[in-house]
Amino acid sequence: MAVHIKNMKEFAKALQPTLLNMTDQLADRVYETLNYFLLDYYAGYEPSSYQRTKDFLYSVVKVDAHPYKDGVRASVYIDYESLNSYKNVTGYQVVKWADEGKHGGMEVNHKPHVWQDTMDMTVNNGELLRLAVNYLKSKGFSVRA
């Protein structure tokens, strides 16, 4: 069914359901990838000098897509403020070490860089752009990237 659009506000409103669904799918991909690297981080090293709480393993948050200003926004992040069971170190420091390939601040052989590897596998390699283009094409949009 054709939609008759008279102005940019109507155009944005007509596109919003498509953009919400697409953005949710893209955020899901980032969320899955971040959790993959967190699992890899945990599996690759067994600490001998401290006991794991696994708080970090379950700290990834995905906020569903929602209208934002003139577009749509979703968020995927590590909730480092929830990491409050560590002694003498902040949650932010734990997350920073994980992105540096360190465990508990120690250099180890197994070195996934949790956040940077996630960005490399989703944003920096163009995967999210490809997924967005494919999604829009599947909805009937003519898209070139």
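Values below: all heavy atoms of this structure, side chains included; hydrogens, waters and symmetry mates excluded. Quick note: residue numbers are just sequence positions, from 1.
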Could you tell me which non-hydrogen atom of [X] sits nearest to which non-hydrogen atom of [Y], and how far apart they are?
{"X": "G101", "Y": "V108", "value": "O-CG2, 3.8 Å"}
{"X": "V95", "Y": "Y80", "value": "CG2-CB, 3.7 Å"}
{"X": "Q16", "Y": "G71", "value": "NE2-O, 4.3 Å"}

Do the side chain of [X] and the main chain of [Y] share a donor and acceptor less than 3.5 angstrom apart?
{"X": "D24", "Y": "D64", "result": "no"}
{"X": "N35", "Y": "Y31", "result": "yes"}
{"X": "R130", "Y": "N125", "result": "yes"}
{"X": "D79", "Y": "S59", "result": "no"}
{"X": "Q93", "Y": "V89", "result": "no"}

Side-chain contact test, heavy atoms from C-beta onward, threshold under 4.5 Å: evaluate it for [X] versus [Y] and give yes or no.
{"X": "Y77", "Y": "V63", "answer": "yes"}
{"X": "Y92", "Y": "L83", "answer": "no"}
{"X": "R73", "Y": "T23", "answer": "no"}

| message | If you apply the rule side-chain contact (heavy atoms from CB on, under 4.5 Å), what do you find for F37 with H113, and how did you get there? | response | CA-CA 8 Å; F37 284 113; H113 298 260; over 6 Å; no
side-chain contact (heavy atoms from CB on, under 4.5 Å), that's the test. Do V133 and L129 meet it? Break it down for me. CA-CA 6 Å; V133 166; L129 177 60; 4.2 Å; yes
Give the ring-plane orientation class for F56 versus Y42, where under 30° counts as parallel, over 60° as perpendicular and anything between as tilted.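 The rings of F56 and Y42 sit tilted, inter-plane angle from 30° to 60°.
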Partner of T122 under side-chain contact (heavy atoms from CB on, under 4.5 Å), picked from D117, L34, L128, is L128
- Does a donor on one side chain and an acceptor on the other come within less than 3.5 Å for N21 and Q25?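 The criterion, which ignores hydrogens and geometry beyond distance, is not satisfied for Q25 and N21.
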Please report the interatomic distance CZ(F141) to CE(M22), rounded to the nearest 0.5 Å.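 If I round to the nearest 0.5 Å, the distance is 9.0 Å.
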query = Distance from L15 atom CG to E10 atom CD, nearest 0.5 Å?
reply =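 If I round to the nearest 0.5 Å, the distance is 12.0 Å.
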*Could you give me the CA-CA distance, side-chain angles and deciding distance for K62 and D28, then say whether side-chain contact (heavy atoms from CB on, under 4.5 Å) is met?*
CA-CA 8 Å; K62 177 192 172 261; D28 285 343; 2.8 Å; yes
Given K13 and I5, is the side-chain contact (heavy atoms from CB on, under 4.5 Å) satisfied, shown in steps? CA-CA 10 Å; K13 185 177 178 182; I5 297 171; over 6 Å; no
